[in-house]
Amino acid sequence: MSQISLTFPDGASRDYPAGTTAAEVAASIAPSLARNAISATLDGNHIDLAWPIQSSGRIAINTMKDAAPALELIRHDLAHVMARAVQELWPDVKVTIGPVRDYGWFYDFDRAEPFTPEDLGAIEAKMKQIIAARDPVRTEVWDRDRAIAHYEAAGEPFKVELVNRIPEGQDLRMYWHGDWQDLCRGPHLQSTGQLPADAFRLTHVAGAYWLGDNTRPMLQRIYGVAFRNRDELKAHMTMLEEAAKRDHRKLGREMDLFHMQEEAPGQVFWHPNGWTIYVTLQDYMRRQQRRGGYVEVNTPQVVSRKLWEESGHWENYQENMFIVEVDEEHAREKTVNALKPMNCPCHVQVFNVGLKSYRDLPLRMAEFGSCNRYEPSGALHGIMRVRGFTQDDAHIFCTEDQIEPETKKFIEFLAMIYADLGFDNWKVKLSTRPEKRIGSDESWDRVEAALGNACRAAGYDYEIQDGEGAFYGPKLEFVLTDAIGRDWQCGTLQVDPNLPERLDASYIGEDGQKHRPVMLHRAVLGSFERFIGILIESHAGKLPLWLAPRQVVVASIVSDADDYVHQVVAALTQAGIRAEADTRNEKINYKVREHSLGKVPVIMAVGMKEVEGRTVSIRRLDQQGSRVVPLDEAIAQLADEATPPDLR
RNA sequence: GCCGGUUUAGCUCAGCUGGUAGAGCAGCUGAUUUGUAAUCAGAAGGUCGCGGGUUCGAUUCCUGCAACCGGCACCA
């Protein structure tokens, strides 16, 4: 039998016979390690204690103290235990898959009757019984035919399909938790008794399509969260409660920013406070775009079907467009139009007026473009996914050689803006060629490389979303997260050689001949609606002073100070600060509380002392206490802080 | 669009098995002139999401629709 050499984290090595299991390795080191071991990490791969090790490598034995492997095992084993519990409670339920995800796991079941929220309690109780039984976990390697025969006999059609999707000749691993068995690549714990019965919770049920395909059956998905101990679970639940307080829908109401109503689903009624954020952000973006070499245009909302047919959108997206028809009885002729779902075809129309020279490229054409899309009802989400929105859109008409430098320039532009707006953590995703696509592989190679190079040159890593690009070109997505960690695409840059072709855009090159430009669709914020939603959640409503809709409230303590309050408000307003007076007949405690809850960054309290000294007592949001400052000094400080970052 | 849940006053929520609704806060009126996160009192406020059905009678039961919430699918 051949020998293998295993290197431990401390650098020491030992030789073992090939086929030694990680459990045996642990036992060879110390009895206590053998007792506490839960899995091993071999050359970066998480492996089961029961698997034979066939080749040399770097090994680490994991215990419950190693958070990442421990959590993975706990969540993965709980997925199996939950599936077992479900089948014990309802033997006719078919099992499918159950992966680990952030904070927990889910498992998809096929069942005629959906699970009710009440069922979750019964399942949890059954899971606790299984854990208390301390059943051993064991594993075997099977070949495909045996697995298929087994699942056909067991009446598990989804498992049969899964096995059939695994490449020929590849062995399959089976796991048993007690008598209950599942197909699983592992690794797992050694006994259900190792699971923390008080550190998991089933959170919700939801429908989910089999294999993520909406033409396949809808399964019942149960989500759970799990941690190593009760305190970690409790901390997680507390974190979720805190995150719920940052929800932009809740803050939008509390700060009186906007509302939405049934008569206009997916569209925003902006209130004065919310609209102040919107226009402040728009003014800022307009200044930045001018500096960034963009020209701004504006194009029609209602555009004939003809243009959408030419652009190809009618064919692909008709059911997602708001169709506008004039009343046939009153109109002289019947026309069919659509509210524009995007600005690009209109921008090409602007580009196409007059001859363009290569000297005009790159031509960066921007519009705060209001678009309407009939999004599926289930996709709507507060102001983050809406049917009526305004993009900070621009199209860069350029040559293929200019794609890379323009992309790099754009990423730097976006990074500067995100930094100004308080975002340091954002992800870049590169979506590459999909199965159904146009254009040659060589051209895709060039353009994908250009985007990747530009990213790296700008100093940003990106993750690849294989096959997620548009049919005509790859794209970059710039992703921010909301209060509870959901990803939202905000910025984007998309390469499009297709639309200039379809809409016959051209420029005269150095050679005097007509050439086809490439279009880069790009947005920094994405839409004002989504971005403001993210902005609210990431700041928990406490926006930086320059973006805060109400920057200062001047509150009287006694009504004899009312005149001075109005003088202070006038002076602040004169200095360009958004200030309001609160001279209501209420106690200062009441006013401080109310404006603090309304996330007003600065409260100035004014009583007779301040009147006499021409001072103000300044209280900052979330800070205890206040300080008394001469009025002129206070205004100078605040005026500076209230200046948008690009103007400081 | 699909699966599940929800919808009662401006907001947050009560309302057992059917007998036309209740609280706190906000708003209104009055008193109080107050020093940094809720002053007191009074009056008022609801087609119980919308439509249909069962019933002597429906906020409650059944049904259709809509919006919203959580997922799934979608996101040019």
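Proteins come first, then strands; the chains are lettered A, B, ... in the order of their sequence lines, and each starts at number 1. What you see is a predicted model, and the numbers here were worked out from it, not measured in a lab. Below, all heavy atoms of this structure are taken into account, side chains as well, without hydrogens, waters or symmetry copies.
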All N/O pairs under 3.5 Å across the protein-nucleotides 3-6 of chain B interface:
unit_1: B:C3; atom_1: O2'; unit_2: A:Q220; atom_2: OE1; d: 3.4
unit_1: B:C3; atom_1: O2; unit_2: A:G207; atom_2: N; d: 3.2

What is the nucleic acid contact for A:I557, judged by heavy atoms within less than 4.0 Å: base, sugar-phosphate only, or nothing?
base

Taking pairing as Watson-Crick or G-U wobble with both contacts under 3.5 Å, can you name the mate of B:C68, or confirm there isn't one?
B:G5

Has the side chain of A:E319 got a donor or acceptor atom sitting under 3.5 Å from an opposite partner on the base of B:G1?
no

Could you give the CE-to-P distance, from A:M260 to B:G10, as a whole number of Å?
20 Å

How many Å lie between CD on A:E586 and P on B:C28, as a whole number?
10 Å

Which of B:G71, B:A37, B:A67 is nearest the side chain of A:I484? It is B:G71

Answer yes or no: is there a side-chain heavy-atom contact under 4.5 Å between A:F397 and A:V348?
yes

Around A:E315, counting heavy atoms of other residues, nucleotides and ligands shown, do more than 12 lie under 6.0 Å from its CD?
no

Rounded to whole Å, the CZ-C1' distance (A:R249 to B:A67) equals 14 Å

side-chain N/O A:R619 vs B:A37 OP1/OP2, d < 4.0 Å
yes

Determine which nucleotide pairs with B:A76, using a 3.5 Å limit on both distances of a Watson-Crick or G-U wobble pair.
none

Does the cation-pi check pass for A:R75 over A:F227, that is, NZ or CZ under 6.0 Å from the six-membered ring centre and within 45° of its axis?
yes

Output yes when at least one side-chain N/O atom of A:K250 is less than 4.0 Å from OP1 or OP2 of B:C11, else no.
no

Please check if the number of heavy atoms outside A:R502 that lie under 6.0 Å from its CZ is greater than 12.
yes

For B:G71, does the base pair up with any side-chain atom of A:Y209 as donor and acceptor (N or O, under 3.5 Å, distance only)?
no

Ranking B:A67, B:C75, B:U39 by distance to the side chain of A:R385, first place goes to B:C75

With A:R387 via side chain to side chain contact (heavy atoms under 4.5 Å, CB included) - residues at least two apart:
A:P265, A:F322, A:Y374, A:E375, A:S377, A:L380

Of the nucleotides B:U33, B:U39, B:A67, which has the atom closest to the A:N589 side chain?
B:U39

Are A:H381 and B:G70 close enough that a side-chain N or O sits under 4.0 Å from OP1 or OP2?
yes

At less than 4.0 Å, is any side-chain N or O atom of A:R253 found next to OP1 or OP2 of B:U12? Yes or no.
yes

The side chain of A:Q494 is closest to which nucleotide in this list: B:A66, B:A76, B:C75?
B:A76

Could I get a table of every N or O pair under 3.5 Å where one atom is in the protein and the other is in nucleotides 14-16 of chain B?
none

Side chain of A:S596: nearest nucleotide among B:A76, B:A37, B:A73?
B:A37

So, does A:R486 get its side chain near the phosphate of B:G70, meaning an N or O under 4.0 Å from OP1 or OP2?
yes

